[in-house]
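Okay, structure first, notes after.
The basis for the numbers below is simple: all heavy atoms, side chains too, and nothing from hydrogens, waters or symmetry mates. Numbers restart at 1 for each chain; the letters A, B, ... are given by sequence-line order, proteins then strands.
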Amino acid sequence: MSDIETTAQPEAPAQVRFSDFGLSPDIQRALTEQGYEHPTPIQAQAIPVVLQGRDVMGAAQTGTGKTAGFSLPIIQLLLAHANASMSPARHPVRALILAPTRELAVQVAENVANYCKHTPLRSTVVYGGVDIKPQAAIMRGGVEIVIATPGRLLDHVEQKNISLSQVQMLVMDEADRMLDMGFLPDLQRIINLLPKQRQNLMFSATFSAEIKKLAATFLSNPVTIEVARSNATADKVTQVVYKVTEENKRDAVAHILRQRELKQVIVFSNTKIGASRLARGLEQEGMKASAIHGDKTQQERMAALEAFKRGEVDVLVATDVAARGLDISDLPCVINYDLPYNAEDYVHRIGRTGRAGASGDAISIYSDKDERLLADIEKLIKQTIKRGELEGFRPGARASEERGGSDRRPPRRGAEGERPQGGGYAGSANGGYAGNGRPGADRGPRPSGPRRDKVDPWFLKPYEPSRPSTASTTTTPSSSAPSKPKPRLAALLGGLRKE
DNA sequence: AAAAAAT
């Protein structure tokens with residue numbers, strides 16, 4: 001705690017304890033069991049405000065402990081109200097927590113369930129991609145707290161598995177992400193189902209004009225809580241970028257992973273196909289790698305995440321499905337295989353490391369055509385990222401070639417479920433079930449003749465030195481800022497206003 | 001330009 005830099009820690013709440021908040025002994029017990037004694041800054045600020053019943057606009061990045069910041073006081077309020085007026089036989093939904101991605105919903109739900117462990121409150125999580133019937137049964141049995149992704153929640157409402165007419169508290173977690181993903185209409189429909197009289201909490205990693213507009217629409221007289229400068233990168237994350245040619249990016253990632261003998265790394269790819277391919281390639285290199293992205297089934301996504309958390313997988317190759325919110329703690333390193341198209345996503349991605357007092361490394365690979373993206377990122381984070389040299393990097397040189405790997409047959413479709421020769425992770429454990437009716441996404445490369453484009457698997461390609469071709473198409477770095485003002489969002493917000 | 005999410 002002594003090496004904290006001067007930013008990001010306002011009015012040092014170091015002496016505050018959870019026991020100062022007057023939380024129920026049942027909650028306090030769960031906190032003590034998990035070793036939580038001192039709240040993080042956002043918890044110290046949010047908990048008293050939420051307990052007062054105020055609406056909250058919270059700007060907090062992941063890793064700041066915001067989940068506990070809202071769920072602890074919510075649980076406390078539910079307990080207090082239950083004692084006063086609730087018939088113990090009924091369990092209407094009284095708190096609703098909305099999250100943008102399934103994984104985030106699951107993780108919030110795990111936390112909530114932990115904090116509720118010694119209370120009579122029941123919670124559950126609902127999200128798409130899995131059988132709806134078990135979820136329906138649980139909710140028909142009665143729960144006070146529901147954590148949900150918006151689409152599946154509406155599905156349950158339509159099926160009359162759940163009534164939202166008794167919801168007293170609404171949380172919108174990662175609200176900026178929900179906007180990005182086009183959830184605004186769903187949010188509007190859900191909110192229309194809620195009682196007018198309720199407490200609203202909205203959390204967002206960034207504080208854009210659109211988020212402020214959303215807050216003005218949905219929150220009433222909110223208390224604004226902001227921890228750390230928005231868009232600031234974690235102080236303890238060491239950032240470096242390595243420039244390579246486009247065709248050497250994959251080799252560079254493999255090189256970094258091998259040379260540093262990295263475990264527990266997330267590698268971010270901009271595309272689902274790129275993530276699958278890179279994971280397969282790393283597996284071919286003998287690394288324990290797995291991919292997680294939106295074209296995987298929910299079972300595969302959860303299996304990959306769990307295997308990564310348990311340490312059975314060292315390298316998780318992810319799209320931005322994993323950029324925000326995922327509470328994977330103590331990651332020593334994050335690698336950007338692609339620079340993100342949105343500079344803000346860079347902040348979210350590297351927020352996976354350097355958390356909770358630990359230091360971290362954020363390594364990014366980029367090529368000529370990404371100069372503009374890099375400039376955008378540096379502008380956003382208001383700092384210049386160190387340009388590094390990849391020591392000992394010889395593109396194309398890899399262990400598998402020494403083992404005669406280049407004449408290996410191409411991996412089957414669904415090969416990510418295959419075990420790497422080193423044994424270990426069985427991935428999605430799908431067995432022989434390869435055809436999930438989803439065309440294209442994870443399909444193996446077709447070895448059709450002399451194609452030189454990106455479809456060819458890098459790990460099957462013999463090494464050829466990078467041509468100095470470098471199509472210099474990136475000649476106009478300035479201007480060309482299109483940034484359309486998203487008329488759809490504006491229109492929707494305008495429509496909300498009128499109501 | 002890409003990703004995520006209800007079916």
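Side-chain proximity of A/Thr149 to B/dA4, B/dA6, B/dA3: nearest is B/dA6. Comparing atom distances between the A/Glu158 side chain and each of B/dA2, B/dA6, B/dA4 picks out B/dA6 as nearest. Distance from the side chain of A/Arg102 is smallest to B/dT7 among B/dA4, B/dA2, B/dT7. Comparing B/dA5, B/dA6, B/dA1 against the side chain of A/Arg301 picks out B/dA5 as the nearest. Relative to the side chain of A/Asn342, the nucleotides B/dA6, B/dA4, B/dA2 differ in distance, and B/dA2 lies closest.
A/Gln199 places no side-chain N or O within 3.5 Å of a backbone atom of A/Asp55 that could act as its donor or acceptor partner. Side chain of A/Thr353 to main chain of A/Leu331: a donor-acceptor pair is present (N/O by atom type, distance under 3.5 Å, no hydrogens or angles).
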Test salt bridge (Lys or Arg N to Asp or Glu O under 4.0 Å) applied to A/Arg387 and A/Glu378, step by step: CA-CA 12 Å; A/Arg387 269 67 171 170; A/Glu378 291 183 319; 2.6 Å; yes
Trace of the salt bridge (Lys or Arg N to Asp or Glu O under 4.0 Å) decision for A/Glu371 with A/Lys243: CA-CA 9 Å; A/Glu371 292 283 3; A/Lys243 185 169 184 175; 2.5 Å; yes
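We find that CG of A/Asp345 is positioned 13 Å from C1' of B/dA1, with the value rounded to whole Å. A/Leu187 has its CG atom 12 Å from the P atom of B/dA6, to the nearest Å. In this entry the distance linking CE of A/Met178 with C1' of B/dA3 reads 16 Å, nearest Å. If you take OH of A/Tyr337 and P of B/dA3, they are 13 Å apart, rounded to a whole angstrom. Rounded to whole angstrom, the span from the CD atom of A/Glu103 across to the P atom of B/dA5 amounts to 6 Å. The distance from atom CZ of A/Arg152 to atom C1' of B/dA5 is 11 Å, rounded to the nearest whole Å. Protein atom NE2 of A/His293 is 13 Å distant from nucleotide atom C1' of B/dA4, rounded to whole Å. Spacing between atom CG of A/Asp186 and atom P of B/dA4 amounts to 17 Å, rounded to whole angstrom units.
Remark on DNA chain B: of its neighbouring residues A/Gln298 and A/Asn270, the 5'-side contact belongs to A/Asn270, judged by nearest-heavy-atom nucleotide.
Put simply, A/Thr101 has no side-chain N or O that comes within less than 4.0 Å of OP1 or OP2 on B/dA5. At B/dA4, none of the side-chain N or O atoms of A/Arg177 fall inside 4.0 Å of OP1 or OP2 (strictly under the cut-off).
For an aromatic pair to be called close, the ring centres must be under 6.0 Å apart, and A/Phe203 with A/Phe70 satisfies this.
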